[in-house]
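A quick write-up on the structure given underneath.
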Amino acid sequence: RDTVVANPAYSYYDKEYLCAVKIGTPPQTLPLDFDTGSADLWVFSSETPSSYVSTGKAIYTPSKSSTAKLVTGSTWALTYGDGSSSSGDVYTDNVTIGSLKVAAQAVEAAQKVSSQFAADTALSGLLGLAFGTANQAKPRVKTFFDNIRPALPLPIFTVNLKKGAPGSFNFGYIDSTQYTGAITYTPVTPRYSLWEFGVSGFSIGQGAKNSTIIDAVADTGTSLLLLPISIVKAYYAQIAGSSYSTNYGAYVYPCSITPPDFNFYIGSAKQTVPGRYMNYGYISNTQCYGGIQSQGTLMFSLFGDIALKAQFVVFDASVPRIGWANK
Ligand SMILES: CN(C)c1ccc(C(=O)NN)cc1
């Protein structure tokens, strides 16, 4: 069991949360985006064209690792929900998170990355924490969590992200100081090999509970809280002066206003996302980018960092199930 610090990147926005991962011998430390919405561990590498590697970015150089082994013939290619992509070949090497070490972990080295990843000067790759069946390597490889799970006291990891401050991913144990009240669990249906669960209803601010079921995915790799358009419209109807900006393709609101809380229910347990968490950044002196946006044509809602940073979440592979608590 162990814990690793999750540092928010792009201060104020909390765009993503990065954790230090040691790869190879001697260890090469890379800040990776721990992503419960995908299942590949991929890294910027010595095989990534240097024009796509921003100055100072840490990369994985297998030739400098005495324990690196090329997996001959294996390849990988990924496309994320926002249209970003990456691809390359596959090595195995020692990977250590905190004190948790997996020997011969599959490490997917990038030979191509899209402009969104090239523009991201903070991360050196992603570490997928979704179910292994979502892995996109050919032939498929196991995630770090798949590999470390047998060595953990409990087959779980917990996510305690914070607004504008370091949080943590804990593996194999629950730190009861990280939440208040009870943890309420609900089953996970890995229909898409994701941490997909049912939300039993929602309310806005002090409003009445609307018992409509929301089909949700917990995704630490998505910054925002993406909901059905009907709920999004009902939310911004509560913020005077808010509007849909065609320029940004997003709902914006006057920064002078603190938006209402967004509450969602796990069973009958009310989970609260405070309105003060909804500011995803200033787009002008007066207009702010809302943390709640439409899920568009996605077949599920995405409970990304805007929601996760308000909660303590247990990702439990034993059932599978997911547990939520306020904090
Ligand atoms: C371009 N970047 C940094 C991304 C990082 C993560 C994701 C994602 O959908 N994770 N579930 C997309 C893009």
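Worth knowing before you read on, the calculation uses all heavy atoms, side chains too, and leaves out hydrogens, waters and symmetry mates. Since the model is a prediction, treat every value here as computed from it, not as a measurement. Ligands are counted one by one from 1 in listed order, and the atoms in each one are counted from 1 as well.
With respect to the salt-bridge test (charged N to carboxylate O, under 4.0 angstrom), the residues D261 and R276 do not qualify.
Within ligand 1, the atoms closer than 4.0 Å to a non-hydrogen atom of S84 are 1 (C), 12 (C), 13 (C), numbered from 1 in the order shown. Which parts of ligand 1 touch Q116 is read off a 4.0 Å heavy-atom cut-off, strictly below it: atoms 1 (C). With ligand atoms numbered from 1 in the order given, ligand 1 contributes 1 (C), 12 (C), 13 (C) to contacts under 4.0 Å with heavy atoms of D82. Using a 4.0 Å cut-off to heavy atoms of L123, the atoms of ligand 1 that qualify are 3 (C). Within ligand 1, the atoms closer than 4.0 Å to a non-hydrogen atom of G221 are 6 (C), 7 (C), 8 (C), 10 (N), 11 (N), numbered from 1 in the order shown. Less than 4.0 angstrom separates some heavy atom of E16 from each of these atoms of ligand 1: 3 (C). Taking every non-hydrogen atom of D35 and a distance limit under 4.0 Å, the qualifying atoms of ligand 1 come out as 8 (C), 10 (N), 11 (N). Within ligand 1, counting atoms from 1 as listed, the ones closer than 4.0 Å to a heavy atom of F117 are 1 (C), 2 (N), 3 (C), 4 (C).
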Determine, stepwise, if the pair D82 / S84 fulfils side chain to side chain donor-acceptor pair (under 3.5 Å). CA-CA 6 Å; D82 67 348; S84 58; 2.6 Å; yes
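At least one cation-pi condition fails for K69 and Y91: the charged atom is not both under 6.0 angstrom from the six-membered ring centre and inside a 45 degree cone around its axis. Seen from the ring of F202, K209 does not count as a face-on cation partner, given the 6.0 Å and 45° thresholds.
On a distance-only criterion, D219 and ligand 1 share at least one N/O pair closer than 3.5 Å.
In the candidate list L194, V113, D120, L302, D120 is nearest to atom 3 (C) of ligand 1, counting heavy atoms.
Closest heavy-atom contact between V159 and F169: CG2-CE2, 3.6 Å.
Under 4.0 angstrom from ligand 1, there are no non-hydrogen atoms of S38.
By the 4.5 Å heavy-atom criterion applied to side chains, I156 and Y173 are not counted as neighbours.
At the shortest separation from atom 12 (C) of ligand 1 among protein heavy atoms lies Y80 CB, 3.6 Å.
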